[in-house]
Structures are given as C-alpha cells and as structure tokens.
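Right, one structure below, let's go through it.
Sequential numbering from 1 along the given sequence is applied to the chain's residues.
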Amino acid sequence: MGENSITIHFIGGESLNIISGDIPGIIQKLKSEEWVVINEHHVKTSSISFFSVYEPGYDKKSEKKAPLTR
C-alpha cells in the first residue's frame, strides 16, 4: 500500500517531495506560517509556486495552486 505525499514546487523550478500521513497538517502549516520545518527541511512559504498532493488509489494528482493565502 502506498503512502500520501505532497510535492512542493518552488519558484525557480526546484521541488521537494514529502511522504507523510498528515498531509492536511502540512498544508495548514504552509498556509499559516512564513517558515515551516518538514522532515528536517526548512521551507520558506513565500517561495512556493504550487504544490500537488498524491493519494494512493487515485491515478492523478490533485494540484493545489499557490500562492498560499494566509
């Protein structure tokens, strides 16, 4: 069985993939804080272009577009 993951795409083309059982919690942090620490990665939310979420059992990713509103 696969796990939920979120891919955070940054302005400039870099991305960070995070596997977690608490994707809604991560999204809430991204929406409410300027800096977020996720699995030892320091993420500056203002540099996020968009993020996409993958849930096992679905063929496509559901994309959430940024900028994230606070």
Side-chain angles (χ1 to χ4, degrees):
M1 184 184 326
E3 295 186 54
N4 294 344
S5 68
I6 183 170
T7 303
I8 302 168
H9 302 269
F10 297 97
I11 297 168
E14 293 185 34
S15 63
L16 173 64
N17 188 50
I18 303 292
I19 296 172
S20 174
D22 186 22
I23 298 299
I26 291 173
I27 293 171
Q28 184 58 38
K29 284 183 182 180
L30 293 173
K31 289 182 177 181
S32 64
E33 300 176 23
E34 185 176 341
W35 283 93
V36 178
V37 178
I38 306 171
N39 296 354
E40 301 180 13
H41 297 280
H42 296 264
V43 176
K44 184 175 182 181
T45 57
S46 64
S47 64
I48 296 173
S49 176
F50 69 97
F51 61 93
S52 55
V53 176
Y54 173 76
E55 296 174 292
Y58 294 93
D59 291 334
K60 295 191 173 202
K61 293 182 178 184
S62 59
E63 285 191 358
K64 315 292 182 191
K65 295 291 183 181
L68 300 172
T69 55
R70 295 191 178 102

With side chain to side chain contact (heavy atoms under 4.5 Å, CB included) as the test, would you mind laying out the steps for Asn17 and Tyr54 before giving the verdict? CA-CA 10 Å; Asn17 188 50; Tyr54 173 76; over 6 Å; no
Value for OG (Ser52) from CD1 (Ile6), rounded to nearest 0.5 Å, stands at 7.5 Å
On a heavy-atom basis, the closest approach of His41 and Ile18 is CD2-CD1, 4.2 Å
Please examine the side chains of Ile38 and Leu30, heavy atoms only from C-beta on, and report whether any two atoms are closer than 4.5 Å. yes
Between Ile23 and Glu55, is any pair of side-chain heavy atoms under 4.5 Å apart? no
Once rounded to the nearest 0.5 Å, what's the spacing between atom CD1 of Ile8 and atom CD1 of Ile27? 9.0 Å
Output all residues satisfying side chain to side chain contact (heavy atoms under 4.5 Å, CB included) with Ser47, sequence neighbours left out; order by chain, then residue number. Phe10, Lys44
With rounding to the nearest 0.5 angstrom, report the CG to NZ distance, Asp22 to Lys29. 7.5 Å
